[in-house]
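Below is one structure, written out as structure tokens; the observations come after it.
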Protein chains: 2
Amino acid sequence: MSKPRAKLTDNFPGCPVESTLGFLDGKWKGVILYHLLENGTLRFNELRRRIPSVTQRMLTKQLRELEEAGLLERTVFAVVPPRVDYTLTPLGLSLEPVITALRVWGKEHVICRDGKKFVVAPEEQVALEAA
Amino acid sequence: MSKPRAKLTDNFPGCPVESTLGFLDGKWKGVILYHLLENGTLRFNELRRRIPSVTQRMLTKQLRELEEAGLLERTVFAVVPPRVDYTLTPLGLSLEPVITALRVWGKEHVICRDGKKFVVAPEEQVALEAA
DNA sequence: TTTCACGGTATACTTTTGGGTACTATACAC
DNA sequence: GTGTATAGTACCCAAAAGTATACCGTGAAA
């Protein structure tokens, strides 16, 4: 997607980190990739039900970007009502260690409470309450 | 940082992924974290030299945000010229598996060439040339 | 006949957010 | 005056996200 990330003009150390993050830029991409990793193939509406607060518009948009980046593929069925399946490509599947690391860290260090995000430091100490 | 990410109002599956990504949002944060992980403590200018195309303004800004998120701490020395050291907190250090996963994936799948980014699919096939 | 539901996507427009530029500041040394 | 190292403010604009509305074909219900 087009979210600004470190330009890859220079191939400086740490550049691969930002490159990878560039593939995950976009409000719902991390979650989308997570669900496709967990479930294999999902329809548009199945994804939407798993991500309660995403709008149709944004889900369509992010899915298209992920497709363009080569991380997933769409299978359009010539049926009515319309049916479109989304599956990760081998490239998308190769992101599994990344998504897993992200999920594990988030699960251990971030607590959701009353719409707020609490960060838990490794010492189980609430280091910061971020709105 | 303040880049739009999935709100944590709902604690739906996949939410931890987006939570973690929220800590990495910002043009230079991935690289900054990488360098601090590799080197322990770095001064402002040492960081800047390792990230060739970052501006002072943006580096200051992203460092401040990382500090506010509890991922790093600043040590200000009462000297002239000014000296400020940046070190990861334990929370920041706990991101090591994440940063490593990002770096490994980027190294294997993204090629930088002539200012363009090429994606290499697991089958060593150039799947997409992304500008 | 008309309306609604189904599932998915498009266009037009608005609002929000992030990254960048330009300039300024500090104290000391040369 | 210029350089060192670090960081602040003001402002601009591009990009991302969001809202509203429309579209498609078929079947069912009013």
Side-chain angles (χ1 to χ4, degrees), chain A residues 1-9 18 21-32 36 41-69 72-87 130-131, chain B residues 1-9 18 21-32 36 41-69 72-87 130-131:
Chain A
M1 66 149 295
S2 54
K3 192 160 297 198
R5 279 288 167 184
K7 283 242 185 90
L8 306 180
T9 315
E18 286 288 334
L21 282 171
F23 282 88
L24 305 179
D25 268 340
K27 187 167 182 181
W28 305 104
K29 282 186 188 162
V31 184
I32 290 169
L36 289 179
T41 300
L42 289 171
R43 295 188 192 177
F44 184 90
N45 257 5
E46 286 176 326
L47 268 169
R48 195 156 167 219
R49 280 196 291 270
R50 285 167 164 77
I51 315 174
S53 36
V54 71
T55 62
Q56 274 186 332
R57 169 92 179 101
M58 291 313 302
L59 186 53
T60 300
K61 190 162 178 284
Q62 304 295 349
L63 284 168
R64 280 308 181 100
E65 286 176 16
L66 286 170
E67 182 193 7
E68 279 154 24
L72 65 78
E73 59 190 3
R74 294 167 68 244
T75 308
V76 183
F77 295 80
V79 294
V80 170
R83 169 177 177 173
V84 181
D85 279 3
Y86 293 90
T87 309
Chain B
M1 72 149 291
S2 55
K3 191 161 297 200
R5 283 285 167 185
K7 286 240 181 92
L8 306 180
T9 314
E18 286 289 335
L21 283 170
F23 282 87
L24 306 179
D25 266 341
K27 188 165 179 181
W28 305 105
K29 281 184 188 162
V31 184
I32 290 169
L36 288 180
T41 301
L42 289 170
R43 295 186 191 179
F44 185 90
N45 254 7
E46 286 175 325
L47 267 171
R48 194 154 167 222
R49 280 196 291 271
R50 283 167 166 75
I51 315 174
S53 35
V54 72
T55 62
Q56 271 186 329
R57 169 89 182 102
M58 290 312 303
L59 186 53
T60 301
K61 188 162 178 286
Q62 303 295 353
L63 285 168
R64 279 308 179 101
E65 284 176 15
L66 286 170
E67 182 193 8
E68 278 154 25
L72 64 77
E73 60 191 3
R74 294 166 71 244
T75 307
V76 184
F77 294 78
V79 295
V80 171
R83 170 179 174 170
V84 181
D85 280 3
Y86 293 91
T87 310

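To find a chain, count down the sequence lines: A is the first, B the second, and so on, and within it residues start at 1.
- The interatomic distance linking B:R43 (CZ) with D:dT6 (P) rounds to 7 Å, in whole Å.
- The listed nucleotides are C:dG8, D:dG8, D:dT6; the one nearest the side chain of B:P82 is D:dT6.
- Rounded to a whole Å, the CG atom of B:D25 is 15 Å from the C1' atom of C:dT16.
- Taking only side-chain nitrogens and oxygens, A:Q56 never comes nearer than 4.0 Å to OP1 or OP2 of D:dT19.
- Within the structure, every side-chain polar atom (N or O) of A:K61 is placed at least 4.0 Å from both OP1 and OP2 of D:dG18.
- Of the listed nucleotides (C:dG8, D:dG8, C:dG20), C:dG8 has the atom at the smallest distance from the side chain of A:Y86.
- Residue B:I51 contributes atom CD1, which lies 16 Å from atom C1' of C:dG20 at whole-angstrom precision.
- Taking atom CE on B:M58 and atom C1' on D:dA7, their separation rounds to 14 Å, with Å as the unit.
- The residue B:R48 sits apart from the nucleic acid: no heavy atom pair falls under 4.0 Å.
- Following rounding to the nearest Å, B:R49 (CZ) and D:dT4 (C1') show an atom-to-atom distance of 12 Å.
- Look at B:N45 and you won't find any side-chain N or O under 4.0 angstrom from OP1 or OP2 of D:dT4.
- Annotation: the span from B:K27 atom NZ to A:L21 atom CG amounts to 13.5 Å, rounded to 0.5 Å.
- Between the CG atom of B:L42 and the C1' atom of D:dT6 there is a distance of 15 Å, rounded to whole Å.
- If you check every strand for non-hydrogen atoms under 4.0 Å, A:F77 touches nothing.
- Separating the CG atom in B:L59 from the CZ atom in B:F44 is a distance of 4.0 Å, to the nearest 0.5 Å.
- Considering every non-hydrogen atom in both B:I32 and B:Q62, the closest pair reads CD1-CB, 3.9 Å.
- The separation between B:R74 atom CZ and D:dG8 atom P is 7 Å, rounded to whole Å.
- The pair A:E65-A:K61 meets the salt-bridge criterion, since a charged nitrogen lies less than 4.0 angstrom from a carboxylate oxygen.
- Side-chain atoms of A:P81 lie closest to C:dG7 of the nucleotides C:dG7, C:dG8, C:dG20.
- Close to C:dA12, at under 4.0 Å from its OP1 or OP2, lies no side-chain N or O of A:R57.
- If you take CG of B:L59 and C1' of C:dG19, they are 14 Å apart, rounded to a whole angstrom.
- With distances taken from any side-chain atom of B:K27 to the nucleotides C:dA10, C:dG20, C:dG8, the minimum falls on C:dG20.
- Here the closest non-hydrogen pair linking B:L66 and B:F23 is CD2-O, 4.1 Å.
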